[in-house]
Amino acid sequence: METFSDIIKGDGLTLVDFFATWCGPCKMMHPVLEQLKENLGTKIRIIKLDVDNNEEISAQYNIQSVPTLLLFRKGEVVWRQSGAMGLKDLMNVISQNS
């Protein structure tokens with residue numbers, strides 16, 4: 001079974017959505033992330049991490065608010081933002097970091 005560390009250390013880009021089930025803006029991000037996956041396919045890996053069920057990882061990356069998006073390349077954070085985003089803005093971030 002892959003661990004979080006294994007996933008983010010992969011060769012490609014990995015977008016991690018730190019979210020909570022009770023968070024309204026987090027729920028708004030779900031369809032945006034679905035569209036992003038449809039548009040980019042295998043060019044990016046997208047995972048969702050519930051902060052309430054993954055407190056240790058959330059603390060490790062100093063997650064203070066949700067949603068918080070982190071973009072990893074080979075285990076390193078190359079971009080970070082808190083708050084909901086639209087698909088166009090997220091696509092721009094991905095293309096700038098590809």
Side-chain angles (χ1 to χ4, degrees):
M1 185 169 127
E2 278 185 306
T3 65
F4 179 78
S5 181
D6 293 337
I7 293 169
I8 64 170
K9 288 180 180 174
D11 286 334
L13 290 174
T14 302
L15 180 67
V16 181
D17 174 22
F18 287 88
F19 78 102
T21 56
W22 46 261
C23 165
C26 298
K27 292 175 184 171
M28 292 174 13
M29 283 304 300
H30 183 76
V32 172
L33 295 175
E34 290 289 321
Q35 289 176 308
L36 182 69
K37 186 64 179 169
E38 283 179 27
N39 289 340
L40 297 179
T42 59
K43 294 180 184 175
I44 189 167
R45 187 159 184 189
I46 301 170
I47 62 170
K48 296 176 68 67
L49 202 72
D50 186 331
V51 295
D52 294 326
N53 295 332
N54 296 280
E55 293 177 2
E56 189 174 307
I57 294 170
S58 299
Q60 179 182 350
Y61 289 97
N62 198 29
I63 304 302
Q64 300 291 320
S65 62
V66 287
T68 294
L69 301 170
L70 272 66
L71 186 63
F72 290 88
R73 182 187 296 116
K74 296 184 179 178
E76 297 295 320
V77 177
V78 295
W79 175 84
R80 174 187 183 125
Q81 178 171 315
S82 294
M85 298 180 70
L87 179 62
K88 183 180 176 186
D89 292 333
L90 199 46
M91 291 285 289
N92 286 338
V93 167
I94 303 300
S95 67
Q96 290 171 6
N97 289 284
S98 293

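In what follows, residues are counted from 1 in the order of the sequence shown.
- Checked against salt bridge (charged side-chain N to carboxylate O under 4.0 Å, His left out), K48 has the following partners two or more places apart in sequence or in another chain: D17.
- Scanning both residues, T68 and L70, for their nearest heavy atoms gives CG2-CD1, 3.5 Å.
- L69 is listed as a side-chain neighbour of M29, based on a closest heavy-atom distance under 4.5 Å.
- With contacts defined as side-chain heavy-atom distances shorter than 4.5 Å, the pair L33/F19 does not qualify.
- Between V93 and M85, some side-chain heavy-atom pair lies under the 4.5 Å cut-off.
- Counting non-hydrogen atoms of neighbouring residues, nucleotides and ligands closer than 6.0 angstrom, the CD atom of E2 exceeds 12 such neighbours.
- Annotation for L15 and I44: closest pair CB-CD1, 3.9 Å, computed over non-hydrogen atoms.
- Minimum heavy-atom separation, D50 to A20: OD1-CA, 4.2 Å.
- Transitive grouping of hydrophobic side chains (ILVMFWY, heavy atoms separated by less than 4.5 Å) brings V16 and I63 into a common cluster.
- With hydrophobic clusters built from ILVMFWY side chains whose heavy atoms lie under 4.5 angstrom apart, I57 shares a cluster with V77.
- The stretch residues 19-30 participates, sequence neighbours left out, in these side-chain hydrogen bond (donor to acceptor under 3.5 Å, both in side chains) pairs: W22-D52.
- Under the side-chain contact (heavy atoms from CB on, under 4.5 Å) criterion, M91 pairs with L36, N39, L40, L87, sequence neighbours left out.
- Side-chain contact between N54 and F4 is absent, with no heavy atoms from C-beta onward closer than 4.5 Å.
- With sequence neighbours excluded, no residue satisfies salt bridge (charged side-chain N to carboxylate O under 4.0 Å, His left out) with E56.
- The two residues P67 and C23 make their nearest non-hydrogen contact at CD-SG, 3.9 Å.
- Note on ring orientation: taking the six-membered ring where Trp is involved, the planes of Y61 and F18 are tilted (angle from 30° to 60°).
- Taking S95 as the reference, nothing meets the side-chain contact (heavy atoms from CB on, under 4.5 Å) condition, with sequence neighbours excluded.
- Not a single salt bridge (charged side-chain N to carboxylate O under 4.0 Å, His left out) links R80 to another residue, sequence neighbours left out.
- Cluster annotation: L49 is not connected to V32 through the hydrophobic network of ILVMFWY side chains, with a link wherever side-chain heavy atoms come within less than 4.5 Å.
- The nearest pair of heavy atoms linking P31 to M28 is CD-O, 3.3 Å.
- Clustering ILVMFWY residues whenever any of their side-chain heavy atoms sit less than 4.5 angstrom apart, transitively, puts I8 in a cluster other than the one holding W79.
- Between the CD1 atom of I46 and the CG atom of L13 there is a distance of 10.5 Å, given to the nearest 0.5 Å.
- For the pair N92 (side chain) and D89 (backbone), a donor-acceptor distance under 3.5 Å is absent.
- One finds the CZ atom of R45 at 8.5 Å from the NZ atom of K37 (value rounded to the nearest 0.5 Å).
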